[in-house]
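So the structure is just underneath, and the comments pick up after that.
Being a predicted model, the structure only gives us computed values, none of them experimental. Chain A is the first sequence line, chain B the second, and so forth, proteins listed ahead of strands; every chain is numbered from 1. Side-chain atoms are counted along with the backbone in the values below, which use heavy atoms only and exclude waters and symmetry mates.
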2 protein chains.
Amino acid sequence: MRGAGAPAGDKRRPELSMDRASVATITRLSSYYRVLVESERDRQQTISSKVLAERSGVSSAQVRKDLSIFGNFGRRGLGYNALQLREQVGHILGLGRHWRVALVGAGNLGRALFAYKGFRKQGFHVEHVFDVDPAKTDELWGDVRIRPVSELRAAAAGNRIDIVILAVPADAGQKVANMVVDAGVRAILNFTPGQLAVPAAVAVRYVDLSIAIESLSYTLTK
Amino acid sequence: MRGAGAPAGDKRRPELSMDRASVATITRLSSYYRVLVESERDRQQTISSKVLAERSGVSSAQVRKDLSIFGNFGRRGLGYNALQLREQVGHILGLGRHWRVALVGAGNLGRALFAYKGFRKQGFHVEHVFDVDPAKTDELWGDVRIRPVSELRAAAAGNRIDIVILAVPADAGQKVANMVVDAGVRAILNFTPGQLAVPAAVAVRYVDLSIAIESLSYTLTK
DNA sequence: AGATGTGAAAGTTTTCACAGCC
DNA sequence: GGCTGTGAAAACTTTCACATCT
């Protein structure tokens, strides 16, 4: 998970950059961001770590620690400027950019993800849809034409795809992941069950529907 | 998160039961389970923590620690009996039972979850579909008729629903969650963005599509 | 007074490393 | 020799509590 091109043997150095943020912190920042967007209805100038914490379901100390990794955004005695903080957190998360997303897998799940409004709203634009089944080719989803996955490589040439969403059947997962990696894409959001083997330079996040529900059945069984 | 009905003030006691398992451990057990099912193709009698670890993307010590919480399943020098271990892990997770699941939200995402084969295969049967939009009422999905969410309470009477999958629009999330809680359901798998406020006796697991992709944009931005 | 930012403490999770059994 | 099960160590994360600033 070390960043590519970093000088070796620097494990001990305090680090000028801001790699101290764990995945857990980033996940919480996303929650804070959502709360901040929702809170804009309140028309409050400022928001305290306490309020932000309650609405996100964490402790106020946690909020302050998370934010302090990236800067001193608050003002003692006052709290955080709500609008500014929303912008700052959005900036940290890389929102407010246009992310070019390709979806592989045009089944039920793929269709749902394609239609999901939350993505576009935050700058994630699904501009390509591919499927492993040639029978789906040329079907139109809005103004996007479904193409065979063999065309992924050409579409991604020149870094024209930032993120691939994988929503193919389980047995195709690794094969398609290999194609994605070969095409030079550096980020995968994987809905296909199972661990993907990819080079360290490629970031993968997993959303596993079965694991989520199994955790519930464990809790109910106890 | 404390179990309902537990005597108060027992925080310090070592606990005879097996509550030592964190959500992280349970999540990994699900991965192990999947790997074990896949590995049955190999027709190997035994499997070592090393192999199981490689295929699940964790360390072998982690596998052994996770399993040792629940029992001594392995044999020193040999490894684990693959078939038995699959059954044991399945048992821990509460699989191999018939779980009665209701889906609330018959949009694109709801449809995809309804069709998702991974659920049924592991004993999660979506037997009811509800929607907040009355226009959807009476539509048929397979042999399941979509009903207005007002009928949820009656359907859940007498503990006839184990788990509710929430896939409604963001602004309906808390309202429907309240209805679910009132109906006596004790587990929610929530696909709706945002934190739900529910009593501690109700288990909630979150699957947040936006948070998953934002974590990628953070990593790409760094 | 009110609320942040942050070292230090507490708690949790993971890894190490090896005794003990096959 | 191979591999588990597990205390102990290390690493990581969260909470505490308070100096610091408005």
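- Counting to the nearest Å, the C1' atom of dT4(C) and the CZ atom of F73(A) are 13 Å from each other.
- Rounded to an integer number of Å, the gap from CG of L67(B) to P of dC3(D) is 16 Å.
- Within residues 32-52 of chain A, no residue is approached by DNA chain D to less than 4.0 Å at the level of any non-hydrogen atom.
- Applying the side-chain hydrogen bond (donor to acceptor under 3.5 Å, both in side chains) criterion to D42(B), with sequence neighbours excluded, gives R55(B).
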- line: Going 5' to 3' through nucleotides 15-22 of chain C and flagging B where a protein heavy-atom sits under 4.0 Å of the base, S where only the sugar-phosphate is that close, and - otherwise, we get B-B-BBBB

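- Atom CD1 in I69(A) sits roughly 12 Å away from atom C1' in dT6(C) (whole-Å rounding).
- Under the side chain to side chain donor-acceptor pair (under 3.5 Å) test applied with S49(B), the options E54(B), R64(B), K65(B) reduce to a single match, R64(B).
- Contacts classified as side-chain hydrogen bond (donor to acceptor under 3.5 Å, both in side chains) and involving residues 71-88 of chain A (residues at least two apart or in different chains) are given here: E40(A)-R86(A).
- Distance CZ (F70(A)) to C1' (dT6(C)): 16 Å, rounded to an integer number of Å.
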Show which side-chain atoms of residues 159-167 of chain A pair as donor or acceptor with protein atoms under 3.5 Å away, not counting sequence neighbours.
{"unit_1": "R160(A)", "atom_1": "NE", "unit_2": "A157(A)", "atom_2": "O", "d": "3.0"}
{"unit_1": "R160(A)", "atom_1": "NH2", "unit_2": "A154(A)", "atom_2": "O", "d": "3.2"}
{"unit_1": "D162(A)", "atom_1": "OD1", "unit_2": "R100(A)", "atom_2": "NH2", "d": "3.3"}
{"unit_1": "D162(A)", "atom_1": "OD2", "unit_2": "R100(A)", "atom_2": "N", "d": "2.7"}
{"unit_1": "D162(A)", "atom_1": "OD2", "unit_2": "R100(A)", "atom_2": "NE", "d": "3.3"}

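- Applying the side-chain hydrogen bond (donor to acceptor under 3.5 Å, both in side chains) test to pairs two or more places apart or on separate chains, none has a residue in residues 102-114 of chain A.
- Here side-chain hydrogen bond (donor to acceptor under 3.5 Å, both in side chains) pairs that include residues 170-182 of chain B, with residues two or more places apart or in two chains, are Q174(B)-N178(B).
- Across all strands shown, S22(A) has heavy atoms under 4.0 Å from sugar-phosphate atoms exclusively, and none from any base.
- Taking 4.0 angstrom as the limit, Y80(B) places none of its side-chain polar atoms (N or O) nearer than this to OP1 or OP2 of dG2(D).
- Taking Y206(B) as the reference, nothing meets the ring pair (Phe, Tyr, Trp, His ring centres under 6.0 Å) condition, with sequence neighbours excluded.
- Between D66(B) atom CG and dG5(D) atom C1' there is a gap of 13 Å when expressed in whole angstrom units.
- Looking at residues two or more places apart in sequence or on another chain, you find a ring pair (Phe, Tyr, Trp, His ring centres under 6.0 Å) between H125(A) and H98(A).
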